[in-house]
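FYI, side chains are in, hydrogens and waters are out, and symmetry mates aren't considered; it's all heavy atoms of this structure.
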Amino acid sequence: MARRKKIYEGKAKILYEGPEPGTIVQYFKDDATAFNAEKRDVIDGKGALNNRLSEFFMVGLNSIGVPTHFMKRLNMREQLVRACEIIPLEVIVRNYAAGTMAKRLGIEEGTPMPRPVVEYCYKDDKLGDPLVTEEHIAAFGWASQQDMEDILSLALRVNDFMSGLMYGVGIKLVDFKIEIGRVYDGDYQRLIVADEISPDSCRLWDIESGRKLDKDVFRRDLGDLADAYTEVARRLGVMPANATPMEKPKLIN
Ligand code: 5GP
């Protein structure tokens, strides 16, 4: 059996060269990390849940005309995605105060924002993904003015889609992070939603009880992370209600 070429290994995913030029296989690991990998654990089933949930969100976005890198799911842990140049920014959209913004600005967690607040962080683990302004982004050439307009529009469209989807199943979309990739179609370049959208990269609170259904369960030791993600998947109809824990496939590498 031919050995696949590993392109990149991050904290939660591994990227392998895809079967066709311009494609990549994205493998979702069970590893959970927080606080820039100072806290880590292996959560059985997390990779499979995030693979399914990210597929569900990206397919939905594609179907309403928000372009994403998602092509197809290959198996329980892997999906085929379009290769793209990742813009080195984490694009964060906040509907309610939480996490680092609540702390930084002294706002109580859960306070609704008067309008969605978009923040940019420079993707650099060694620096702890620092918050940057559009001035930094322009000055250091990470993205052009036109890119920034397109990124903002993509981020707000993702926010509307995800907020509505979650509201429909009794969940509040507090905030989320996306990453944006650049692809070339002939002479033209386009920006697309890349990486993943999952409870690892969103804050999701149950509307009735306030129960957290996202990675804060792990960050703040609030219970079983796989249970929380399974609840999100169950409500969205992504997993059958009585799904049994998935068996871990062997990594061929
Ligand atoms: P905060 O800045 O409050 O830590 O995070 C804001 C939102 O972006 C949260 O939903 C959080 O999960 C997401 N986020 C921020 N940084 C990262 C990151 O490095 N990885 C992932 N998966 N999500 C992030």
Side-chain angles (χ1 to χ4, degrees), residues 2 4-28 50-75 77-93 116 118-124 129 132-165 173 176-198 200-202 238:
R4 290 191 295 187
K5 188 170 168 212
K6 194 194 276 188
I7 300 172
Y8 169 82
E9 177 157 4
K11 288 174 281 195
K13 292 188 295 295
I14 306 174
L15 303 182
Y16 296 98
E17 218 166 59
E20 308 285 340
T23 64
I24 284 178
V25 174
Q26 184 163 262
Y27 175 96
F28 288 76
N50 281 351
N51 186 27
R52 291 297 293 263
L53 283 165
S54 199
E55 170 194 15
F56 180 73
F57 300 135
M58 299 263 184
V59 165
L61 286 166
N62 283 338
S63 74
I64 61 158
V66 177
T68 80
H69 73 162
F70 182 83
M71 296 171 75
K72 69 171 178 180
R73 184 164 57 83
L74 298 171
N75 54 50
R77 286 180 179 271
E78 297 177 325
Q79 49 185 243
L80 190 68
V81 300
R82 186 165 176 188
C84 56
E85 266 174 43
I86 293 285
I87 295 183
L89 296 173
E90 293 192 336
V91 181
I92 293 171
V93 183
V118 182
E119 293 178 342
Y120 304 100
C121 292
Y122 178 54
K123 255 173 73 71
D124 187 318
D129 301 333
V132 291
T133 68
E134 291 191 45
E135 279 294 301
H136 297 116
I137 297 168
F140 299 123
W142 296 324
S144 68
Q145 191 54 47
Q146 179 63 55
D147 289 340
M148 290 312 291
E149 283 169 28
D150 293 348
I151 289 172
L152 181 63
S153 149
L154 283 173
L156 293 176
R157 292 183 73 194
V158 172
N159 187 41
D160 283 347
F161 173 77
M162 291 290 295
S163 294
L165 198 60
L173 178 66
F176 66 91
K177 181 262 311 183
I178 51 171
E179 297 188 20
I180 303 291
R182 202 187 296 283
V183 291
Y184 297 91
D185 287 324
D187 288 344
Y188 296 93
Q189 69 135 34
R190 281 191 310 133
L191 299 186
I192 61 177
V193 178
D195 190 54
E196 72 177 281
I197 302 178
S198 75
D200 266 8
S201 52
C202 301
V238 175

Minimum-distance pair of heavy atoms, taken over all atoms of L191 and D147 | CD1-O, 3.6 Å

Non-hydrogen atoms of V238 and L53 that approach each other most closely | CG2-CD2, 4.2 Å

Does D129 reach the main-chain N or O of D124 with its side chain, forming a donor-acceptor pair under 3.5 Å?
-> yes

With side-chain contact (heavy atoms from CB on, under 4.5 Å) as the test, would you mind laying out the steps for V158 and V93 before giving the verdict?
-> CA-CA 9 Å; V158 172; V93 183; over 6 Å; no

How far does CZ of F28 sit from CZ of R52, to the nearest 0.5 angstrom?
-> 12.0 Å

C121 SG to H136 NE2 distance, which is reported to the nearest 0.5 Å = 12.0 Å

Separation of D200 CG from K11 NZ (nearest 0.5 Å) = 10.5 Å

Answer yes or no: is there a side-chain heavy-atom contact under 4.5 Å between V81 and L15?
-> no

Between S54 and Q79, what is the shortest heavy-atom contact and its length?
-> CB-NE2, 4.3 Å

Calculate, to the nearest 0.5 Å, the distance between atoms CG and CZ belonging to N62 and F70 respectively.
-> 8.0 Å

Going by atom types only, do D150 and S153 share a side-chain donor-acceptor pair under 3.5 Å?
-> no

Heavy atoms of N51 and N75 approach each other most closely as ND2-O, 2.9 Å

Looking at residues at least two apart in the chain, or sitting in another chain, which of them share a ring pair (Phe, Tyr, Trp, His ring centres under 6.0 Å) with F140?
-> W142

Heavy atoms, side chains only, cut-off 4.5 Å: are Q26 and E78 in contact?
-> no

Would a 4.5 Å heavy-atom cut-off, applied to side chains only, mark D195 and K13 as touching?
-> yes

Using a 4.5 Å cut-off on heavy atoms from C-beta on, say whether the side chain of D160 contacts that of P116.
-> no

Atom pair OG/CD of S198 and E55 - distance to nearest 0.5 Å = 13.5 Å

Stepwise, does the side-chain contact (heavy atoms from CB on, under 4.5 Å) test hold for L173 with N159?
-> CA-CA 8 Å; L173 178 66; N159 187 41; 3.6 Å; yes

Side-chain donor or acceptor of R182 paired with backbone N/O of A143 under 3.5 Å | no

How about L61 and I197: do any of their side-chain heavy atoms sit closer than 4.5 Å?
-> yes

Starting at CD1 of I178, measure out to CD1 of I92 and round the result to the nearest 0.5 Å.
-> 10.5 Å

Do F57 and L165 touch side chain to side chain, with heavy atoms closer than 4.5 Å?
-> yes

Kindly give the heavy-atom pair with the smallest separation between Y16 and R4, and that separation in Å.
-> CE1-NH2, 3.5 Å

Do I24 and Y8 have side chains that get closer than 4.5 Å, going by heavy atoms?
-> no

Mark yes or no for whether H69, through its side chain, and A83, through its backbone, hold a donor-acceptor pair below 3.5 Å.
-> no

Closest non-hydrogen contact found for G181 with A194 is N-CB, 4.0 Å

Could you tell me whether the side chain of M148 reaches within less than 4.5 Å of the side chain of Y120, counting heavy atoms only?
-> yes

